[in-house]
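What follows is one structure encoded as C-alpha cells, with my remarks underneath.
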Amino acid sequence: MMECVSVCVVVLMMSAARGHSLRFNDLTDYVNKHQEEYVQALRDWVSIESDSSDVTKRAELQRMMGVVEEKLREMKGNVDVMDVGTQTLEDGSIIPLPKVVTAAFGEDENKHTVCVYGHVDVQPARREDGWATDPYNLTEINGNLYGRGASDNKAPVLAWIHAVEAYKALDMELPVNVKFLIEGMEETGSNGLDVLVAAQRDAFFSDVDYIVISDCGWQSARPALTYGTRGNAYFYAQVEGPKQDLHSGVDGGAVIEPMTDLIAILDTLISASGEILIPGVTDAVANFTEEERKIYEEVDFDMETYRRTIGVERLMYDNKVDLLAHLWRFPTVSIHGIEGAFSGHGTKTVIPAKVTAKFSIRQVPNMEPAVVEKQVTDHLHAVFEQRKSPNKLKVKMVIGAKPWLADIKHALYEAGKRAVKRVFGVEPELIREGGTIPIARTFQDVTEKDIIMLPIGGFDDGLHSQNEKISRYNYIEGTKLFIAYLHEVSHIKKD
Ligand SMILES: CC(C)C[C@H](N)C(=O)NCC(=O)O
C-alpha cells in the first residue's frame, strides 16, 4: 500500500510537471499571438504625456492613472484608488498628487502573494531635444519601440499586466496571488508614497509576501537580476541678486552676478577626475570588499560597447571593476541644469537676476540623505561666504531617497534564475543599478518584505534621454519571463 502511494505521488508529480510545461507553452503561444495588441497598448500609453516633473502636464498624468485603473478593472481585479495627498509648488500653491492605483488578483491563503510595483509617469521629452521621432508616438524601427517612457517604465508595467491577463485568458489559475501598486510620481521622488506605504503596512501589504520591481535594465545583452540601487539626494541651490534681469552692456561691471557666484560654488562639488569635494560626504560609504571586487570581475560588461553606446571619447575609469563600482556602489555628483539662466537660441546679453542650479548626489550604503543635506548646505554656504558676495544663497534638498540592497541568496533570486533560464536559456547576470527607485528602501524598511528587481529593459534603452526605446524582443520575452517568474515563485517553500 505504502509503495502504491509513493508511486502514485511520483506519477502525479510527473504529470503535473509535464502539465506545467505544456501550460507554459500555451501561455507563451498566447503571448506570441497577442504581441501586436501589446505593442498597441504600449503605443496608447506612450501617447499620454504623463510627465510628473511638469505641473502643467498634471491632467495628462491623472488621465494616465485613470487608464491604468480602467485596465485593471477590465481584468476584474479588486481595484482601489488611493489618495496620497497634495504637492506644494514653489510658488506656494497646492495641487493634488496623482492617486496610486492598486489591484489584487486572487486571495488564496495557500498561495504566496506577490506585489508588483511600477510607475507610469515619465521624464520630460521634446522632439527639439534631438529625438529622431515624436517621443509621444511610439515608433518601431528595426525591432525597437521608440517613445518616452517605453522602457521606463510603461512597457514593464504592461508586461506584468499582460502576464496576469494571459493566465486569466487561458482560464489558468494564477500560481500566486498578484497585487499591483502603480504610482505616478516616481520620477520626481515618489511624493506621498512613503506615507501611503506606512499607512498600508497592515492593510494592503498585510498579506504580501514578496515585492517585485521591474524598473531598471540589463547591463549587457544578457538578462539580469538586480540586487541594489543607489539612492539620490537632489538639491536646488539658488542665488538671487538684482531685483530684475539686467543688460550686460549697460550694467555689466557694476554688479556681482548671481550666475558667476553660482558657477563658482558648483565648481567646488566634484573634481574633474570624479572626486567628491564636499567635506564628509564620502565618509559613510561602505568599504569596497574583495568579495565585491570578485563579483564585479565576473560581470559580463564590455566597456568599449558601453563607451560607444553613450557616445563619449573616454570613460572616467579605464578598467571594468572600477567603472562598475562607480556606476553602482560609489556616490557621484551630477549637475543637471540651471533654472533662470538664458538657454535659448541666439545671443541674448542678459544678466539673469535669479538662478537656481539643480544637482544631485547618488547615495550608496551607508549614506544618509539627511546627513548629506547638512554637509552640502554647510559646504555651499561656507564657500559662498568666502566670495563676500552681496547676493543671497538658498540651498534646499528636494529629494532624499536612500539606497537599497538585497540578499542575492534569497529564494526570490533563485526563482529569478530559474525563470530566466526557462525563457532565455541562460543564467542571469547578478547586477546592481546606479539609478534610484525611491520607494525600494521604504518597502524594505517599512513593510519588511523581501524585494527583487527583475528587469526587462535593454542596456542601451536610453532612459531619460533622447530616443528612449525598448526592443520588441525584450517587451515580449519579458512578458514570458514574468509569466515564468510567477510560476517559479509559487515553488518557494511557504513558512
Ligand atoms: C534606472 C532607474 C532605476 C529607473 C528609474 N525609473 C528612474 O529613472 N529613477 C529616477 C532616477 O533618477 O534614478
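First listed ligand is number 1; within each ligand, the first listed atom is number 1. These values consider heavy atoms only, across backbone and side chains, with no hydrogens, waters or symmetry-generated copies. Heads up: numbering here begins at 1 and tracks the sequence.
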- Task: Could you note down all residue pairs passing salt bridge (Lys or Arg N to Asp or Glu O under 4.0 Å) where residues 143-154 supplies at least one of them, sequence neighbours left out?
- Result: R148-E468

- Would you indicate which of I213, D121, T436 comes nearest to atom 10 (C) of ligand 1 when only heavy atoms are counted? T436

- Task: Record the part of H464 in heavy-atom contact with ligand 1 below 4.0 Å; permitted values are side chain, backbone, both and neither.
- Result: side chain

- Is the gap between the ring centers of Y296 and W328 under 6.0 Å? yes

- Query: Are F482 and H162 close enough that their ring centers fall under 6.0 Å?
  - Reply: no

- Query: Is K358 positioned over the aromatic face of Y236, cation under 6.0 angstrom from the ring centre and no more than 45 degrees off axis?
  - Reply: yes

- Query: What's the shortest distance from atom 6 (N) of ligand 1 to any protein heavy atom, and which residue and atom give it?
  - Reply: D152 OD1, 2.7 Å

- Of R362, Q123, H119, the residue with the heavy atom nearest atom 12 (O) of ligand 1 is R362

- Query: What atoms of ligand 1 come within less than 4.0 Å of a heavy atom belonging to L463?
  - Reply: 1 (C)

- Note on the structure: Any heavy atom of I437 under 4.0 Å from ligand 1? The part involved is side chain

- Message: Give the atom numbers and elements of ligand 1 that come within less than 4.0 Å of a heavy atom of D215.
- Response: 2 (C), 3 (C), 4 (C), 5 (C), 6 (N)

- Query: Would N474 and S471 count as having a side-chain donor-acceptor pair, cut-off 3.5 Å?
  - Reply: yes

- Message: Below 3.5 Å, N or O to N or O, backbone or side chain included: is there any such pair between E433 and ligand 1?
- Response: no

- Numbered atoms of ligand 1 (with element) below 4.0 Å of G435, judged on heavy atoms: 3 (C), 13 (O)

- Sub-6.0 Å ring centroid separation between W218 and F459: no

- Query: Under the side-chain hydrogen bond (donor to acceptor under 3.5 Å, both in side chains) criterion, do E187 and H464 qualify, and how do the steps go?
  - Reply: CA-CA 10 Å; E187 298 290 5; H464 298 195; 3.0 Å; yes

- Measure H336 to ligand 1 on non-hydrogen atoms and call it side chain, backbone, both or neither using the 4.0 Å cut-off. neither

- Side chains of H34 and E165, donor plus acceptor under 3.5 Å: no

- Test of proximity, N232 against ligand 1: N or O pairs below 3.5 Å: no

